[in-house]
Amino acid sequence: MIVLENVNQSYGTKDVLKNINVSIPENKITAIIGPNGAGKSTLFNAISRMIPIKTGSIKIDGIEINQKGLNVSKLISVLKQQNHFNLKLTAYELISFGRYPHSKGKLNENCIQKIEEVIKYLKLESVRNQYIDTLSGGQLQRVLLAMILVQDTKYILLDEPLNNLDMKYAVEMMLLLQKFVEELGKTIVVVMHDINIASTFCDHVIAIKDGEVAYDGNINDMMHTDVLNNVYDHQFCIREVDGKKICVFHNIEKNL
Ligand SMILES: Nc1ncnc2c1ncn2[C@@H]1O[C@H](COP(=O)(O)OP(=O)(O)OP(=O)(O)O)[C@@H](O)[C@H]1O
């Protein structure tokens with residue numbers, strides 16, 4: 001489990017995370033949602049130790065991550081938004097980067113075995129030798145997931161992985177994440193904007209508003225007008241479709 005206690009972060013005089021106390025449950029998909037500028041990426045960066053926090057504690061399975069000398073890349077794999085991929089690398093080479101925490105650049109037998117296992121698991125055999133700049137958005141996303149899987153950590157953190165994906169690939173991505181939880185026992189944290197995707201595919205949700213936790217709990221309980229109206233300062237309707245709660249938000253005020 002990932003446990004955050006009294007986490008605060010600021011940039012200059014601006015408080016961006018204010019006293020965050022949340023627990024991220026194991027073997028589930030947790031969505032981090034909230035309006036633009038709420039602090040989601042800052043929270044993500046704090047959990048993945050990309051930025052130091054000002055005060056508070058973040059523990060992964062009881063291990064304080066902000067301690068000197070800790071190899072955090074053996075605990076969590078992180079995929080940040082990648083808008084440009086100009087490197088001349090094959091899919092195989094990119095995937096093998098995921099082994100770096102284990103291999104330090106020199107792939108051993110275990111690494112090669114793990115890479116082959118993951119290529120097969122994600123059905124990437126046909127593109128393994130293709131340059132990544134020739135892959136479709138959906139294929140590249142799958143290759144990036146392979147890079148994450150070969151790192152072989154229990155926790156996987158993804159920052160807006162659905163950006164630039166059409167509906168088909170977005171759904172495919174979420175189904176793969178569910179498969180990683182169910183078949184591989186992973187614990188996944190995803191920053192996302194689409195509440196309906198969160199409602200359909202995630203288990204747990206942390207909603208951030210103005211740097212504070214506006215909701216933390218089960219996804220089904222979040223799909224209520226009062227909770228969502230408060231998080232986004234907007235009027236939502238909730239409808240039930242095939243047993244899933246779907247949020248309708250077309251009634252945007254026109255006086256912009
Ligand atoms: N490096 C930085 N220096 C100064 N201010 C920053 C920095 N990074 C983020 N901020 C500010 O912190 C606040 C939270 O930003 P953050 O990127 O965490 O929000 P977010 O919820 O991820 O937003 P979005 O949905 O738009 O990606 C914003 O006001 C942003 O301008």
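Counting starts at 1 for both ligands and their atoms, in listed order. It should be emphasised that the depicted structure is a prediction, and the values quoted were computed from it without experimental measurement.
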Do I188 and F180 come within less than 4.5 Å of each other through their side chains, counting heavy atoms only? yes

With a 4.0 Å cut-off, would you call K154 and E26 a salt bridge? yes

Between E117 and K114 (salt bridge meaning N to carboxylate O under 4.0 Å), is one present in this structure? yes

Salt-bridge criterion met for E182 and K28 (N-O under 4.0 Å): no

Sorted by chain and residue number, the side-chain hydrogen bond (donor to acceptor under 3.5 Å, both in side chains) partners of D216 (sequence neighbours excluded) come out as H204

With a 4.0 Å heavy-atom cut-off, what residues sit around ligand 1? Y11, K14, V16, P35, N36, G37, A38, G39, K40, S41, T42, E160, H193

Taking every heavy atom of K186 against every heavy atom of L149, the minimum-distance pair comes out as CE-CD2, 3.9 Å

